[in-house]
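Note on naming: letters A, B, ... go to the chains in the order of the sequence lines (proteins, then strands), and numbering restarts at 1 for each one. Since the model is a prediction, treat every value here as computed from it, not as a measurement.
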2 protein chains.
Amino acid sequence: MKKYIPTLKRTKLFSGLVDDEIISMLSCLGARLCSYKKGEYVLRQGEHLRDITVLVSGNLHIQKDDYWGNRSILGQISVGEMFGEAYVAPESEALINDVIATEDSAIILFDVRRIITTCPSACRFHSLVVQNMFFAISEKSRKLVQKLEHMSKRSTREKLISYLSEEAKKQNSSVFTIPFNRQQLADYLSVDRSAMSNELCKMRDEGMLEFAKNNFKLF
Amino acid sequence: MKKYIPTLKRTKLFSGLVDDEIISMLSCLGARLCSYKKGEYVLRQGEHLRDITVLVSGNLHIQKDDYWGNRSILGQISVGEMFGEAYVAPESEALINDVIATEDSAIILFDVRRIITTCPSACRFHSLVVQNMFFAISEKSRKLVQKLEHMSKRSTREKLISYLSEEAKKQNSSVFTIPFNRQQLADYLSVDRSAMSNELCKMRDEGMLEFAKNNFKLF
DNA sequence: ACAATTCGGTTGTATTTACAACAGAAAGTG
DNA sequence: CACTTTCTGTTGTAAATACAACCGAATTGT
């Protein structure tokens, strides 16, 4: 697990801690490492969670297949991101999504009760981790709200504008790369791929933007 | 502020605390009470928050007016619910929504830094409140995800089915009341009111459900 | 290098939605 | 009780979307 210390140091959860502090937190929190091959399920709908998880290698998608087999990609998890924190409360319902590895991936699991309960050995950095966790989950809430904003747009074009504007703002440039291919982006915005492709090309023809594969430029 | 103790006792944030403990927490956390008339803004887009807020009387809507004046109701806050917690982190961006009183309302504000930092006087219930806050924000995340699920449905009908099914499940009955009128429900699901009304009536004619005003019955 | 597969763009058609406009019912007001 | 305002359902039309089907380009695997 030690080889992931540099990765962990850059996560929100362990922000502000130095190597030695993280090492002691790992044992204090009873961390466990798990690996998955590309395409494997990391979590399945219906599971009950007790662990907060950090992706330390690879890439994951949060997705859901409905009754009729339509797949929605609800989000994407990059290295260093935390997930599962919304489902670890004692009275939480079961997980309602699947989490799938889109590349070979590794995660580290932490029992939430060890995080949230001050440890008997009075580990010094515990309260900092609790604060970090709070701020991290806050930030995720904000992201959910932002995605809701894209989704609440009525037309495909408006959804695209909303998404691309935000991505440009996030990457601080009118030239940027998105983490989705066309089908994934369509799933993320819950629109039809071909209709979206069509709309993107119209927008390009109108001089609003340019793109090549996942690289975009807004005007 | 004391008259709201029974209300606070039933909130997620103060769950598990008795009256005296809540009273001491109120001063420990430096709580403040604010009142608003129906229609007044409680929070405005662009504000930076330091306070976590609990609604102790009335009703609020979280909403957003876009560029072209289209209003989306992103959510609704009932008595006892907490809000603002996603925007209080030190590096959080500004609030991106408005919060408006739909009835005369009262809120109690808590400086988040006092909650999250163990108080010097070692107030006994502090860590319980921190845990409660964590579980509350977790639950809100789950709700956001559920709303995202409704929104990710492609058609008005599917959105309605998704929303109404969940509402029935939530209220544990095929007969239930929704907290929105037609226009508000349409805004919540981001669809056109008349199209939605139309679809509801078609579904009624097909024998899927019955309704009168805000009361629904599913078959 | 070749075959197989994935990916992105295009088109036509059937379906669905948005929008505007209106009318009756319900609720609020003086 | 009139009057006004808000709410809900209805309709027709224009616009947008979903869907299926296809093709060429790019990518992958052997």
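- Q183(B) places its CD atom 13 Å from the C1' atom of dC19(C), with the value rounded to the nearest Å.
- For the pair R193(B) and R157(B), nearest-nucleotide mapping onto DNA chain C gives the more 5' position to R157(B).
- Protein atom CG of N181(A) is 9 Å distant from nucleotide atom C1' of dT6(C), rounded to whole Å.
- Counting any heavy atom pair closer than 4.0 Å across all strands shown, S197(A) reaches a base atom.
- A donor-acceptor contact shorter than 3.5 Å links the side chain of S105(B) to the backbone of E103(B).
- Atom C1' of nucleotide dA15(D) and atom CG of N198(A) are separated by 14 Å, given to the nearest angstrom.
- Side-chain nitrogen and oxygen atoms of R182(A) include at least one within less than 4.0 Å of the OP1 or OP2 phosphate oxygen of dG9(C).
- Counted within 6.0 Å of CZ on R50(B), heavy atoms from surrounding residues, nucleotides or ligands total 12 or fewer; the atom is thus considered open.
- Comparing dA27(C), dT17(D), dG9(C) against the side chain of K213(B) picks out dA27(C) as the nearest.
- For F180(A) and dG8(C), the CZ to C1' distance is 17 Å, given to the nearest whole Å.
- One can place CD of E199(B) at 14 Å from P of dT15(C), the figure rounded to the nearest angstrom.
- Between M196(A) atom CE and dA18(D) atom P there is a gap of 11 Å when expressed in whole angstrom units.
- The base of dG9(D) lies outside donor-acceptor range of the side chain of R204(B), with no N or O pair under 3.5 Å.
- Contact between the side-chain N/O atoms of T156(B) and the OP1/OP2 oxygens of dT17(C) is found at a separation under 4.0 Å.
- Side-chain atoms of T53(B) and D51(B) include no donor-acceptor pair closer than 3.5 Å.
- Going from atom NZ of K153(B) over to atom C1' of dT16(C) covers 18 Å, rounded to whole Å.
- Contact of the M133(A) side chain with the L13(A) side chain is registered, since non-hydrogen atoms from C-beta on lie closer than 4.5 Å.
- N214(B) and T177(B) are not linked by any side-chain donor-acceptor pair at a separation below 3.5 angstrom, with hydrogens and angles left out of the test.
- Nearest-nucleotide assignment on DNA chain D puts the 5′-proximal partner with N214(B), out of S194(A) and N214(B).
- Atom-to-atom, CG of L160(A) to P of dA16(D) comes out at 14 Å; the value is rounded to the nearest Å.
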